[in-house]
Amino acid sequence: MNLRIHDTLTDSLQDVLPADGKRVGFYCCGPTVYAAAHIGNFRTFVVQDIFRRALELSGTPVKHVRNLTNVDDKTIRVSQEQGQSLGEFTAFWTEKFHADCEALNLLRPQIEPGAVEHIAEQIDLIQRLMDKGHAYQAGDGSVYFRVESFPAYGRLSRVQDRELTTGTAAQSDDEYDRDSLSDFALWKAAKPEDGPNVWESPWGRGRPGWHLECSAMSMKYLGPSFDVHSGGIDLTFPHHENEIAQSEACTGVTFSRLWFHVVHLMVDGHKMSKSLGNMYTLEELQAKGFRPEEVRYALIAGHYRKHLNFTLASLEAARPNLQRLAKLEKHLHHVAGSPKRPSYGALCTSRPALGRFAPAFEALLENLNVPRALGEVFKAAGEIEKAPQSAKPEEYSGLIVILEALGLRLPELGAVEAPGEIRALAEQRLEARANKDWGKSDELRDQLAALGWSIKDVKGGYELEPNA
RNA sequence: GGCGUGGUGGCAGAGUGGUCUAAUGCGCGGGAUUGCAAAUCCCGUAUUUCGUCGGUUCGAAUCCGACCCACGCCUCCA
């Protein structure tokens with residue numbers, strides 16, 4: 001069974017197959033590194049991560065490229081405001097982004113090109129477009145793509161005659177000299193506020209336009225025609241439309257064969273926005289006591305083609321779910337004879353039988369239906385919990401495969417060792433209980449709680465855990 | 001205004017013509033257990049019901065139409 005995904009270009013489900021028969025070339029529009037990415041950004045990246053995992057775990061290798069936008073209006077403006085060089089500024093936020101990705105258990109793309117490191121490739125692309133008559137230099141010194149010269153424009157977003165319906169309010173100073181409102185910048189002429197962040201080109205000093213980097217870098221690493229391109233739904237127009245135009249006008253071949261877009265995350269029923277104060281970052285949620293794996297769980301709990309309403313309540317639901325899975329994993333691990341956990345790479349090549357977890361994986365292959373996959377996982381979990389002896393040894397690897405596909409890390413059960421002072425209190429309480437001194441016992445339990453530990457009585461003893 | 005998505009139980013969220021008296025999770029209620037709890041386990045949890053009104057069909061949450069509502073995109077944006 002192949003992975004199928006909704007293709008924006010054809011508005012239909014398509015099999016994801018590598019054109020070269022070997023591996024899928026996969027390009028994702030990455031973050032602009034000028035601030036911490038918010039959970040909306042991460043919804044998209046997490047979905048793309050699951051896409052890659054599902055493909056790899058079903059035996060198809062993926063070459064994953066995700067760019068870093070490290071030169072644009074925002075990075076330049078904010079770095080200047082903060083008195084930092086563009087390089088040190090974007091390096092800082094890149095590092096922050098990588099830390100968040102690691103915390104959220106995102107596989108690192110094999111290639112993560114930065115726009116500023118690929119100026120030459122972008123200039124080359126502009127030159128080829130100029131040579132073919134698809135681009136022109138305007139009076140302001142900037143170079144624009146002539147949308148009119150590319151008849152297929154609008155095919156992805158199904159928007160015709162954009163320039164007729166676009167209001168003039170959006171027109172800003174640096175776009176004044178375009179022949180048509182829908183023409184977009186390939187090269188932006190240097191302006192005083194750019195500071196030192198300008199590069200030499202055949203059209204004078206300046207910097208590349210935003211859309212260009214993705215074309216230049218995706219084609220550099222994946223070739224002029226590749227398999228899959230993905231991004232947030234808002235990128236469909238104009239970003240991806242422009243990418244297609246400038247790439248195909250240049251090469252004459254299909255740019256990406258398939259496109260999929262992730263619908264936006266909502267918070268408390270509304271779009272995230274600064275004014276509503278609902279733009280969470282991972283760090284902010286961690287400060288509220290949530291764990292990254294819980295955030296990941298909450299982000300994948302809805303289908304990627306629908307709005308997902310992210311709330312703190314939805315985050316809270318993640319913890320008991322993950323704990324339940326951790327218990328299930330422990331049981332299956334035991335049933336399997338406590339083997340070493342197979343690595344992700346080993347699972348991709350060995351592709352073990354999944355037992356009761358097969359329907360969950362199949363749900364994933366069908367347009368990344370994560371909610372249904374989770375439902376299937378819990379259905380299997382319920383069966384095994386009801387009849388623990390019915391668990392088969394191979395179901396351990398089955399569960400591991402689905403957990404890897406979803407990228408879910410499970411909490412370790414009872415892994416935290418209590419400090420001596422805490423254990424001493426617990427010992428006192430054990431003694432009090434032995435003497436049936438319930439008053440003292442309860443008092444000690446309160447004391448422990450105040451110190452951040454919860455105590456659970458078990459046969460002949462106790463277990464200590466940090467408060468949830 | 002143009003384009004688009006969706007309205008399913010307290011919440012989240014599957015289900016896209018019959019097996020739906022609607023998956024799954026959270027929550028909630030009850031029980032077991034416990035000195036009392038916690039943790040764990042068990043049971044129950046949408047009173048033909050899936051925004052409203054019509055239509056197609058032997059049969060619809062699923063198809064069609066109208067309407068109401070919510071949300072998104074329309075060159076900053078995952």
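Note that the coordinates shown come from a computational prediction; the quantities given were computed from them, not determined experimentally. Sequence lines set the chain letters: A, B, ... in the order given, protein chains first and strands last, and positions in each chain run from 1.
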query: Say you pick atom P in B:C73 and the same atom in B:C67; how far apart are they, in whole Å?
result: 25 Å
Candidate nucleotides B:A38, B:G35, B:G13, ranked by approach to the side chain of A:P371 - the nearest: B:G13
task: Look at all strands and tell whether A:M272 reaches a base, only sugar-phosphate, or nothing, counting heavy atoms closer than 4.0 Å.
output: base
field: A:F310/A:F42 aromatic ring centres below 6.0 Å
entry: no
- request: For the side chain of A:K456, starting at C-beta, report the closest nucleotide among B:A23, B:A14, B:A38.
  value: B:A38
statement: From the candidates B:C36, B:C73, B:U75, the one with an atom nearest any side-chain atom of A:H264 is B:C73
task: To the nearest Å, give me how far apart CG (A:L308) and P (B:C71) are.
output: 16 Å
query: What is the nucleic acid contact for A:T311, judged by heavy atoms within less than 4.0 Å: base, sugar-phosphate only, or nothing?
result: nothing
task: Measure from the side-chain N and O atoms of A:H64 to the backbone N and O of A:R52, and report whether any donor-acceptor pair falls under 3.5 Å.
output: no
- line: Looking only at B:G13, B:C76, B:A78, the nucleotide nearest the A:N309 side chain is B:G13
Euclidean distance, atom CZ of residue A:F310 to atom C1' of B:C26 [Å, nearest integer]: 15 Å
message: Salt bridge check, A:R429 against A:D457: does any charged N sit closer than 4.0 Å to a carboxylate O?
response: yes
- prompt: Going by the angle between their ring planes, with limits at 30° and 60°, are A:F226 and A:F255 parallel, tilted or perpendicular?
  reply: perpendicular
message: Tell me the interatomic distance from A:L328, atom CG, to B:U40, atom C1', rounded to whole angstroms.
response: 15 Å
